Amino acid sequence: KPRIHKPPPRVYREPKSEWWGLVYIKFFFSGLHCLSVCPPLGMESHRIENDQLLTSSVYQHRYGSHRARLNIQASGEEDDTNGGAWCANPEEKVHWIELDARTLTEFTGVITQGRDDPLESDYVSSYYVAFSNDSREWTVLDDGYAEWLFFGNSDKNTPVLSQFMEPVVARYIRILPQSWNGTMCMRMEVLGCPVPDPLSQYQSQNEVTHRDDLDYTHHNYLDMEKLMKSISDKCPNITRFYSLGKSFKGLEIYAMEITDNPGMHETGEPEFRYTAGYHGNEALGREILLMLMQYLCREYKDGNPRVHHLVDETRIHLVPSVNPDGHMKAFEKGSELGSWTLGHWTEDGHDIFQNFPDLNNIFWDAEDKGMVPKLIPNHHVPIPEGILSSNGSVAVETLALISWMESHPFVLGANLQGGERLVTYPFDMRQEIRMIEDQSLFRWLAISYASTHRTMTQTFQGGCHADDPTGGLGIVNRAKWKPIPGSMNDFSYLHTNCFELSIFLGCDKFPHQSELLREWEQNREALLTFMAQVHRGIKGVVRDKEGNPISNATVSVEGVNHDVRTGESGDYWRLLNPGEYRVTARAEGYSPFTRLCVVGFDPGATLCNFDLNKSNWDRIKQIMALHGNRPIRLRLASHQSKQKSCGSLLPFNIFLQSVFHKQNKKLKRTEFIQNGNIF
């Protein structure tokens with residue numbers, strides 16, 4: 001009769017650790033036992049490939065061995081191959097799943113999870129573990145007297161860690177389920193450390209490997225605050241540590257500004273933003289931005305010319321944790337042991353990324369009625385009254401973001417998320433087939449990140465949870481992939497000047513600490529390349545003839561039904577791909593002016609300034625008001641005798657008569673006046 005062995009406590013918290021090569025040595029005390037725990041081998045992150053997995057049987061193809069990865073999500077469609085776990089054939093008597101580590105490995109534990117399914121509750125409640133070096137002869141883990149039976153799951157979603165009392169060195173590991181709830185289905189992760197190969201160590205002794213001297217650890221809220229303050233202290237001339245506002249529980253939503261003159265907007269200098277942590281359990285984006293802050297500070301001080309140019313010519317804002325309340329929940333459980341959704345929402349239940357006002361339907365309805373852009377602007381679509389009121393429909397974190405977005409002239413931004421490895425561009429919301437005006441530009445921006453990421457375009461094994469939706473490019477339109485309403489990306493495009501994309505960093509939302517160095521190396525070049533795209537297209541200042549800046553002027557590109565506005569100092573930026581463009585600047589009280597602007601392939605935006613002449617539009621409106629805004633009927637004969645004394649009055653009256661001849665054609669009157677040369 002097997003002896004039942006209870007694993008260590010299931011509430012797992014990251015203990016203090018020491019870095020020894022690729023192994024984290026962590027100490028748990030149970031009697032006289034000292035336990036070493038290795039990091040995950042990579043079931044969830046997909047470093048373990050599909051052909052490294054083998055099973056005794058399969059219930060259906062959609063429940064094959066490739067679906068046994070921790071936290072893998074089902075598609076919900078029964079006719080595809082994307083089930084929510086590996087499920088064994090119920091007609092078989094013996095069940096097992098096997099992993100080939102491809103090298104001798106020190107195995108220290110297993111994490112199990114049930115099947116992802118909205119209705120069924122399938123999970124393994126107990127199992128044996130066996131090991132082999134040739135996949136033919138197997139040894140079940142025991143204590144010398146009896147085989148150990150490990151307790152598994154008591155629900156389908158919560159991951160459960162079972163640690164071995166002593167590490168086991170082998171190449172193969174096999175899980176043998178013994179009891180289960182419902183159908184025999186499971187997801188899993190395996191903890192292990194590759195045993196160093198003396199031959200490969202000898203060969204790599206003379207290899208030069210680059211490693212940035214950064215803090216590659218997970219940070220709780222206080223640690224993050226301390227780190228950001230230390231970065232600001234190290235680089236006080238180029239940083240500003242500030243807050244966007246507070247979370248539902250009163251935690252600060254911290255931000256770091258990095259530029260050569262922090263705390264102020266410089267005319268002609270574009271503003272860029274990276275944000276992360278909308279979902280608190282997506283910890284990788286948070287740590288990537290903390291590492292980026294350290295990197296920019298250090299490299300600027302060391303004289304890196306690329307970083308110097310980027311920091312001197314751009315006002316950069318980095319917000320690592322938009323949802324600090326949610327991250328606290330996920331951090332308490334730790335890497336691998338929080339469920340797919342733990343900490344995803346705010347404390348009061350909002351998904352911040354999908355919590356923005358829906359301006360898509362307002363804009364699309366106006367577009368369908370032919371009201372854009374004559375009556376309804378094709379940019380800076382206003383937020384309807386009452387939406388941002390304190391009725392609880394908009395999270396306090398979202399309100400802080402909106403206020404921040406409206407107070408800075410952002411040009412380009414990206415939000416870092418997790419659970420997939422790809423870049424999405426708007427529109428995110430789906431209503432029939434709606435193509436965004438700047439689709440070719442958005443595709444370029446997305447490609448600039450995906451193509452410079454080390455692995456994002458390596459999609460030969462498919463996506464994290466289903467087939468690759470990007471066609472091997474690493475980019476996809478969100479509305480065609482997984483449409484959502486009220487996204488930050490759509491809101492940013494329709495309500496502000498900023499072009500925003502979503503970057504999904506990897507399959508594992510909360511990777512083990514040992515993965516952070518690898519993730520930084522994979523993303524570093526892509527992060528810098530994408531930031532540099534803020535200097536693509538045209539830029540300039542709109543002024544009057546006296547050289548005074550004109551704020552809120554509209555800059556439009558012929559053939560692109562999406563305009564941008566100038567900031568308080570009259571400056572603007574319009575992201576564009578290389579080409580020749582007819583660009584027009586308009587402002588109330590001024591005559592529009594059009595010029596040709598050429599965008600080349602060389603780095604840097606093309607300078608296109610505009611000097612506008614004052615128009616008589618304000619005077620015309622005054623005359624209309626005097627006549628009750630009715631058509632003005634003028635007789636030429638009554639003014640001919642006054643032509644000598646009135647000078648240019650007659651032509652002006654003739655102009656008024658032609659402009660206001662038809663009372664019910666306001667659009668045509670406005671167009672005629674704007675295109676007229678009245679001074």
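Numbers here are sequence positions counted from 1. No experiment lies behind these values; they were computed from the predicted model shown.
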Side-chain donor-acceptor pair under 3.5 Å between [X] and [Y], yes or no?
{"X": "N489", "Y": "S487", "answer": "no"}
{"X": "Y449", "Y": "N523", "answer": "yes"}
{"X": "T554", "Y": "D563", "answer": "no"}

Would you mind reporting whether [Y] and [X] have side-chain heavy atoms less than 4.5 Å apart?
{"X": "N360", "Y": "L494", "value": "yes"}
{"X": "N561", "Y": "P373", "value": "yes"}
{"X": "K509", "Y": "H279", "value": "no"}
{"X": "F353", "Y": "N323", "value": "no"}
{"X": "T239", "Y": "M256", "value": "yes"}
{"X": "N477", "Y": "Y425", "value": "yes"}
{"X": "L528", "Y": "E299", "value": "no"}
{"X": "V423", "Y": "F530", "value": "no"}

Taking salt bridge (charged side-chain N to carboxylate O under 4.0 Å, His left out) as the cut-off, I'd like each qualifying pair that reaches into [range], sequence neighbours left out, listed once.
{"range": "residues 419-428", "answer": "none"}
{"range": "residues 534-550", "answer": "none"}
{"range": "residues 490-505", "answer": "R273-E500"}
{"range": "residues 436-455", "answer": "D438-R574, R454-E521"}

Keeping the roles fixed (side chain from [X], backbone from [Y]), state whether a donor-acceptor pair exists under 3.5 Å.
{"X": "Q294", "Y": "D215", "value": "yes"}
{"X": "T566", "Y": "N552", "value": "yes"}
{"X": "S448", "Y": "L445", "value": "yes"}
{"X": "N415", "Y": "L501", "value": "yes"}
{"X": "T470", "Y": "G474", "value": "yes"}
{"X": "N355", "Y": "M488", "value": "no"}
{"X": "H562", "Y": "N378", "value": "yes"}
{"X": "S230", "Y": "L227", "value": "yes"}
{"X": "E257", "Y": "R315", "value": "no"}
{"X": "D325", "Y": "E347", "value": "no"}

Ion pair present between E332 and K329, side-chain N to carboxylate O less than 4.0 angstrom?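 No salt bridge links E332 with K329.
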Give a yes or no on whether a salt bridge exists between D212 and R524, defined as a side-chain N under 4.0 angstrom from a carboxylate O.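 Looking at D212 and R524, the cut-off is met.
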How are the rings of F510 and H327 set relative to one another: parallel (under 30°), tilted (30 to 60°) or perpendicular (over 60°)?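 Rings of F510 and H327: parallel, under 30°.
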[X]: which residues meet the side chain to side chain contact (heavy atoms under 4.5 Å, CB included) condition with it, sequence neighbours left out?
{"X": "N497", "value": "H380, V564, R565"}
{"X": "A587", "value": "I550, A553, Y590, L612"}
{"X": "D348", "value": "F248, T346, H350"}
{"X": "R582", "value": "E558, T594, L596"}

Between E367 and R434, is the side chain to side chain contact (heavy atoms under 4.5 Å, CB included) condition met? List the steps. CA-CA 11 Å; E367 201 173 42; R434 296 280 184 171; 3.3 Å; yes
Side chain to side chain contact (heavy atoms under 4.5 Å, CB included) between F427 and F442, worked out: CA-CA 10 Å; F427 286 122; F442 270 111; over 6 Å; no
Only one of E269, R240, E266 forms a side chain to side chain donor-acceptor pair (under 3.5 Å) with N261, so which one is it?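 The option that passes is E266.
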Working to the nearest 0.5 angstrom, can you tell me the gap between [X] [atom1] and [Y] [atom2]?
{"X": "E568", "Y": "T267", "atom1": "CD", "atom2": "OG1", "value": "10.0 Å"}
{"X": "Y572", "Y": "F610", "atom1": "OH", "atom2": "CZ", "value": "4.5 Å"}
{"X": "K249", "Y": "M328", "atom1": "NZ", "atom2": "CE", "value": "5.5 Å"}
{"X": "D508", "Y": "E515", "atom1": "CG", "atom2": "CD", "value": "7.5 Å"}
{"X": "L289", "Y": "L527", "atom1": "CG", "atom2": "CG", "value": "7.5 Å"}
{"X": "I376", "Y": "I362", "atom1": "CD1", "atom2": "CD1", "value": "9.5 Å"}

Can you list every disulfide (SG to SG under 2.5 Å) pair that touches residues 215-249, not counting sequence neighbours?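 Pairs touching residues 215-249 that pass the test: C235-C297.
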So, using disulfide (SG to SG under 2.5 Å) as the criterion, who are the partners of C498 when residues are at least two apart?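 C498 satisfies disulfide (SG to SG under 2.5 Å) with no residue once adjacent residues are dropped.
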Give the C-alpha distance, both sets of side-chain angles, the deciding distance and a yes or no for side chain to side chain contact (heavy atoms under 4.5 Å, CB included) between M228 and L290. CA-CA 8 Å; M228 294 179 72; L290 291 176; 3.9 Å; yes
Which residue in the set M224, E225, H219 passes side-chain contact (heavy atoms from CB on, under 4.5 Å) when paired with S321?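 Exactly one pass, corresponding to M224.
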Residue pairs fulfilling side-chain hydrogen bond (donor to acceptor under 3.5 Å, both in side chains) with at least one residue in residues 595-610, sequence neighbours excluded: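 As it turns out, there is no side-chain hydrogen bond (donor to acceptor under 3.5 Å, both in side chains) pair with a partner in residues 595-610 once direct neighbours are skipped.
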Please list every donor-acceptor pair under 3.5 Å in which a side-chain atom of residues 402-410 meets a protein atom from a residue at least two apart or in another chain.
{"residue": "W404", "atom": "NE1", "partner": "Y242", "partner atom": "OH", "Å": "3.0"}
{"residue": "E406", "atom": "OE2", "partner": "H495", "partner atom": "NE2", "Å": "2.7"}
{"residue": "S407", "atom": "OG", "partner": "S403", "partner atom": "O", "Å": "3.1"}
{"residue": "S407", "atom": "OG", "partner": "W404", "partner atom": "O", "Å": "3.0"}
{"residue": "H408", "atom": "ND1", "partner": "W404", "partner atom": "O", "Å": "3.2"}

Could you walk me through whether Q533 and L575 pass side chain to side chain contact (heavy atoms under 4.5 Å, CB included), step by step? CA-CA 8 Å; Q533 304 310 304; L575 299 177; over 6 Å; no
Assert yes or no for the condition that the ring centre distance of H308 to Y300 is strictly below 6.0 Å.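 Ring centres of Y300 and H308 closer than 6.0 Å.
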